[in-house]
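Have a look at the structure below before the remarks.
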Amino acid sequence: MARKTNIETVDAEVWLRGLPKAELHLHLEGSITAETLVELSRRNDATPLTLEQAKKVYSYTDFPSFLMSFKAVTERLHSPEDYETITYNMLRDLAVQGVRHAEVYISVGILYYFKRLDVDAVIAAIERGRARGEREFGVSLLWIIDAVRHFGLEECARVFTKAAELKDKYPSVIGVGIGGDEARGPAQEFRELYAEAKAAGLRLTCHAGESTGPQSVWAAVNIGAERIGHALTAAQDEDLVGVLVERQIPLELNVTSNLRTGCCVALEKHPVKRYFEEGLMVTLNSDDPPFFGANLLDEYLLVHKMFEFSLEQMRELAANSVEASFLAPEKKLALLGEVERYGY
Ligand SMILES: [Zn+2]
């Protein structure tokens, strides 16, 4: 294929920014930046937060305090309009990183459990934010309805049933997933729910192997997950790695997230390069960017610099992200073509 070949002089950051890519593991509530928090505070609070104060909400020292900080940010969402704002702002922030398509988790599990807002009104609002953002920034967006596994099967069943209903109403609702504490909500318990969701036409994702061992990834594979979120500990099990290679099950890796939460003890211990070299279907993602201090472009830069992925390998990772997406085949092909044609 003919491509301009001034690869030696290319500025990696500029090139990676322009590389068309998809983000497949991003939580809407985890995408709220300090700047957006200020915007919401101006709308909702008598004495609005300053940017300095907003930034402090994101500080944490360990995993429990990270969860507290995440909660503190989400508690600042007071209305469906706030959800519309964070969706729109998220798409704007993705566009400047060269993200062309995103599949984003919304925690309907949390919405139901804490009963603070009406789920239908929130979904209508994020759909408004999506439509406006897609139009203005050219980033397409599909929703993955996320349940909280440790809230129990009954709560998750409610969420999945709602997801099936929403899918019929909104074509952008594409799939379901389970997040939360893997240890207290093992994936195998969700076998039936996953089968029902599949029968309803929903695509299946599952957080697995982030904070517990490879057995969690096995369970996710066995209940039919089409994509695995994190899969960090899969590296500990050769047989599992073999199955993931053979079936080419896409992995939604989140390198910086794993380091910041302490799930991975050191950057050099992260299996991203090993997975790639062994032929696993690897994608890079950002999870909860403002909490971890790294957006998707930062993840691409990190992997390029610290794990010595060549730019052509980075292109392969971008192509993987499109390939592993739940986009319709014709859209997928068009975007893959753009990734392939992107020059130096
Ligand atoms: Zn996640």
Side-chain angles (χ1 to χ4, degrees), residues 1-26 31 33 35 89-104 133-134 136-141 248 250-260 264 266-290 292-325 327 331-344:
M1 207 191 108
R3 215 174 254 149
K4 253 181 89 195
T5 52
N6 51 341
I7 186 164
E8 281 80 29
T9 56
V10 75
D11 179 325
E13 181 170 351
V14 172
W15 193 82
L16 290 171
R17 186 185 292 277
L19 177 65
K21 54 183 102 53
E23 162 79 86
L24 304 179
H25 191 118
L26 173 62
S31 76
T33 61
E35 287 76 8
N89 288 5
M90 174 184 71
L91 287 174
R92 183 193 60 203
D93 297 343
L94 288 170
V96 296
Q97 302 165 51
V99 175
R100 304 290 305 280
H101 173 68
E103 299 185 355
V104 176
E134 278 195 8
E136 287 181 35
F137 309 116
V139 182
S140 58
L141 170 58
Q248 287 293 289
L251 309 180
E252 306 158 3
L253 300 188
N254 304 279
V255 179
T256 305
S257 162
N258 294 156
L259 289 168
R260 296 294 305 276
C264 181
L267 183 64
E268 58 275 16
K269 296 242 189 302
H270 200 283
V272 55
K273 189 72 183 258
R274 188 194 139 188
Y275 283 175
F276 183 82
E277 284 173 344
E278 292 187 16
L280 283 94
M281 179 55 159
V282 171
T283 67
L284 301 180
N285 305 279
S286 66
D287 210 7
D288 308 302
F292 302 134
N295 61 22
L296 187 61
L297 177 60
D298 296 322
E299 296 293 321
Y300 271 67
L301 272 165
L302 174 81
V303 160
H304 168 62
K305 285 185 184 155
M306 304 307 288
F307 292 94
E308 297 177 339
F309 278 73
S310 68
L311 292 184
E312 279 310 304
Q313 288 173 327
M314 296 310 298
R315 185 199 301 279
E316 212 176 307
L317 289 173
N320 283 356
S321 71
V322 176
E323 186 61 55
S325 76
L327 277 169
K331 288 190 180 159
K332 202 182 265 196
L333 271 178
L335 192 46
L336 275 173
E338 285 187 50
V339 176
E340 188 52 39
R341 287 189 301 273
Y342 180 64
Y344 291 104

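Note: hydrogens, waters and symmetry copies are ignored here, and every other heavy atom, side chains too, is used.
Taking every heavy atom of both residues into account, L259 and A266 meet most closely at CD2-C, 3.5 Å. In plain terms, the two heavy atoms of G133 and L91 that are nearest each other are CA-CD1, 3.6 Å. Closest of all the heavy-atom pairs between L19 and Y300 is CD2-CE2, 4.1 Å. The shortest heavy-atom contact between A22 and S321 is N-OG, 3.0 Å. In terms of heavy atoms, S286 sits closest to P289 at OG-CG, 3.4 Å.
The residue from E268, K273, R274 that alone fulfils the side chain to side chain contact (heavy atoms under 4.5 Å, CB included) condition with F307 is K273.
Between L94 and L26 there is a side-chain heavy-atom pair separated by less than 4.5 Å.
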Legend entry - Y342 and W15: CA distance, side-chain angles, deciding distance, side chain to side chain contact (heavy atoms under 4.5 Å, CB included) verdict: CA-CA 9 Å; Y342 180 64; W15 193 82; 3.3 Å; yes
Inset, instruction - Please test L301 against L16 for side chain to side chain contact (heavy atoms under 4.5 Å, CB included), starting from the C-alpha separation and ending with a verdict. - result: CA-CA 7 Å; L301 272 165; L16 290 171; 3.9 Å; yes
Inset, instruction - Could you please spell out the steps behind the side chain to side chain contact (heavy atoms under 4.5 Å, CB included) verdict for E323 and M281? - result: CA-CA 9 Å; E323 186 61 55; M281 179 55 159; 3.6 Å; yes
Inset, instruction - Dump the intermediate steps for side chain to side chain contact (heavy atoms under 4.5 Å, CB included) on L284 and K21, then the final yes or no. - result: CA-CA 10 Å; L284 301 180; K21 54 183 102 53; over 6 Å; no
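Of the possible polar contacts, one joining the N285 side chain to the L24 backbone as a donor-acceptor pair under 3.5 Å is found. Under the 3.5 Å distance criterion, the side-chain polar atoms of E103 are left unmatched by any main-chain donor or acceptor of S325. Without hydrogens or angle criteria, R100 side chain to P20 main chain gives no donor-acceptor distance under 3.5 Å. Between the side chain of Q97 and the backbone N or O of D93 there is at least one donor-acceptor pair closer than 3.5 Å. Under the 3.5 Å distance criterion, the side-chain polar atoms of N320 are left unmatched by any main-chain donor or acceptor of T283. A donor-acceptor pair under 3.5 Å is absent between the side-chain atoms of Q313 and the main chain of H304, judged by distance alone.
Rounding to the nearest 0.5 angstrom, the gap separating the CD atom in E299 from the CG atom in L317 is 11.5 Å. Note that CD of E340 and CG of L335 are 12.0 Å apart. Values are rounded to the nearest 0.5 Å. Remark: L267 CG to N258 CG distance equals 10.5 Å, nearest 0.5 Å. Taking NE2 of H270 as the start and OH of Y275 as the end, the distance is 7.5 Å to the nearest 0.5 Å. Distance check, rounded to the nearest 0.5 Å: CG of N295 to CG of D298 gives 4.0 Å. Rounding to the nearest 0.5 angstrom, the gap separating the CZ atom in R315 from the CG atom in L311 is 8.5 Å.
Here A334 pairs with nothing under the side chain to side chain contact (heavy atoms under 4.5 Å, CB included) rule; sequence neighbours left out. Under the salt bridge (Lys or Arg N to Asp or Glu O under 4.0 Å) criterion, E13 pairs with R17, not counting sequence neighbours.
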